[in-house]
Amino acid sequence: MAQIIEITDFSDPGLDVYARLNENQLLNRHQPEKGLFIAESPKVIERALDAGCRPVSLLLEKKHINGQARDIVARCQDIPVYAAEFHVLTRLTGFQLTRGVLCAMVRPPLPRPQDLCRDARRVVVLEQVMNPTNLGAVFRSGAALGMDALLLTPGCTNPLYRRAIRVSMGTVFQIPWTFLDAREIPWPDAGISLLKRLGFTTVAMALSDQALSIGDPALKAEKKLAIILGTEGDGLSPQTVAACDYTARIPMSHGVDSLNVAAASAVAFWQLQ
């Protein structure tokens, strides 16, 4: 039976995760096994639960207990379910809730890159992609367009930041991902060497006069391909581009030289899936 707790006191420590902890505090870098994240909306929460994420508590509008959050409440037995009217929740969280439901969950342990890529045919590597909106969009495109896994360099934003989860529509729970440890697998040299040992051909998405068109048949013919995309401002580092087997670019017109990394990822994934 769910523990329904009507919110009357905003100082309840159980509400800290929703109202008073920032993203870095939720991440808990010093004790990652105690890290938490927030999933928003019934669909996203369901995808997180389906992926095996462990819920800690729920925060929702009272009307959703027997409404659109009914199935989630039924799946989340023996955890606190904090409930209040809409205007109370808006005042508590400082913004209007997405579809009126939030869930605090334990951050799952990250898999090793070797394990993640072992049976994959198409993997994505993101280098220094720091905008949560872009990151979430890349995940959504990757899940929709046949990518098997995502690897992130240490400079990337965390896919379990609230905005990244929301923009991805929960696909961060559907497509496997992990970070490349800066101590164990420094990027780019050790990271690209690992991909090659695992049988991947690497392609850097970068602006270069020597780059192949993204439509070149040689790229799609590769049995195992790692598609590497760079940061929003400068793109991939010269060291990364030099270490890859191919460099590729998306043909442009009207004097436009490049696309936002999220848009470019969708084009690349569609062409190279």
Roughly how far apart are [X] [atom1] and [Y] [atom2], rounded to 0.5 Å?
| X | Y | atom1 | atom2 | value |
| --- | --- | --- | --- | --- |
| T157 | L126 | OG1 | CG | 11.0 Å |
| R197 | Q114 | CZ | CD | 7.5 Å |
| R122 | F269 | CZ | CZ | 12.0 Å |
| Y246 | L219 | OH | CG | 6.0 Å |
| Y82 | L58 | OH | CG | 10.5 Å |
| L145 | R140 | CG | CZ | 11.0 Å |

Are [X] and [Y] close enough that some pair of their side-chain heavy atoms sits under 4.5 Å apart?
| X | Y | result |
| --- | --- | --- |
| V44 | E40 | no |
| F200 | V123 | yes |
| L102 | L60 | no |
| V125 | L195 | yes |
| I165 | F139 | no |
| I65 | R70 | no |
| M130 | T231 | yes |
| L160 | V172 | yes |

So I192 and C244, side chain to side chain contact (heavy atoms under 4.5 Å, CB included) or not? Walk me through it.
-> CA-CA 7 Å; I192 290 179; C244 287; 4.0 Å; yes

Per the side chain to side chain contact (heavy atoms under 4.5 Å, CB included) rule, which among V138, N158, L135 passes with L152?
-> L135

Determine whether more than 12 heavy atoms belonging to other residues, nucleotides or ligands lie under 6.0 Å from atom [atom1] of [X].
| X | atom1 | value |
| --- | --- | --- |
| D234 | CG | no |
| R75 | CZ | yes |
| D119 | CG | no |

Single-linkage hydrophobic cluster, 4.5 Å side-chain cutoff, [X] and [Y] together:
| X | Y | result |
| --- | --- | --- |
| L180 | I227 | no |
| L212 | W270 | yes |
| W177 | L225 | yes |
| Y161 | F37 | no |
| I7 | V17 | yes |

Looking at every non-hydrogen atom in both residues, tell me the closest pair between [X] and [Y] and how far apart they are.
| X | Y | result |
| --- | --- | --- |
| V167 | T133 | CG1-O, 3.4 Å |
| A51 | F173 | CB-O, 3.4 Å |
| A262 | S265 | O-OG, 2.7 Å |
| V241 | A204 | CA-CB, 4.1 Å |
| P113 | L151 | CB-CD2, 4.1 Å |
| K220 | L272 | N-CD2, 4.2 Å |

Looking at [X] and [Y], would you say the former's side chain and the latter's main chain have a donor-acceptor pair under 3.5 Å?
| X | Y | answer |
| --- | --- | --- |
| R54 | L49 | no |
| Q25 | N22 | yes |
| R249 | L207 | no |
| E46 | K43 | no |

Any ion pair linking [Y] and [X] (charged N to carboxylate O, less than 4.0 Å)?
| X | Y | answer |
| --- | --- | --- |
| R112 | D115 | yes |
| K224 | D148 | no |
| K196 | D245 | yes |

Are side-chain N/O atoms of E232 and N134 paired as donor and acceptor at under 3.5 Å?
-> yes

Any luck finding a side-chain donor-acceptor pair between R107 and N28 under 3.5 Å?
-> no

Show your reasoning for whether side chain to side chain contact (heavy atoms under 4.5 Å, CB included) applies to L26 and E23.
-> CA-CA 5 Å; L26 290 173; E23 293 283 11; 4.1 Å; yes

Start with the C-alpha gap between F179 and T153, add the side-chain angles, then the distance that decides, and say whether side chain to side chain contact (heavy atoms under 4.5 Å, CB included) holds.
-> CA-CA 6 Å; F179 277 93; T153 66; over 6 Å; no

Verify side chain to side chain contact (heavy atoms under 4.5 Å, CB included) between I175 and L150, making sure each step is shown before the conclusion.
-> CA-CA 8 Å; I175 181 169; L150 277 93; 3.2 Å; yes

Step by step, work out the side chain to side chain donor-acceptor pair (under 3.5 Å) result for T240 and E127.
-> CA-CA 9 Å; T240 298; E127 181 182 278; 2.5 Å; yes

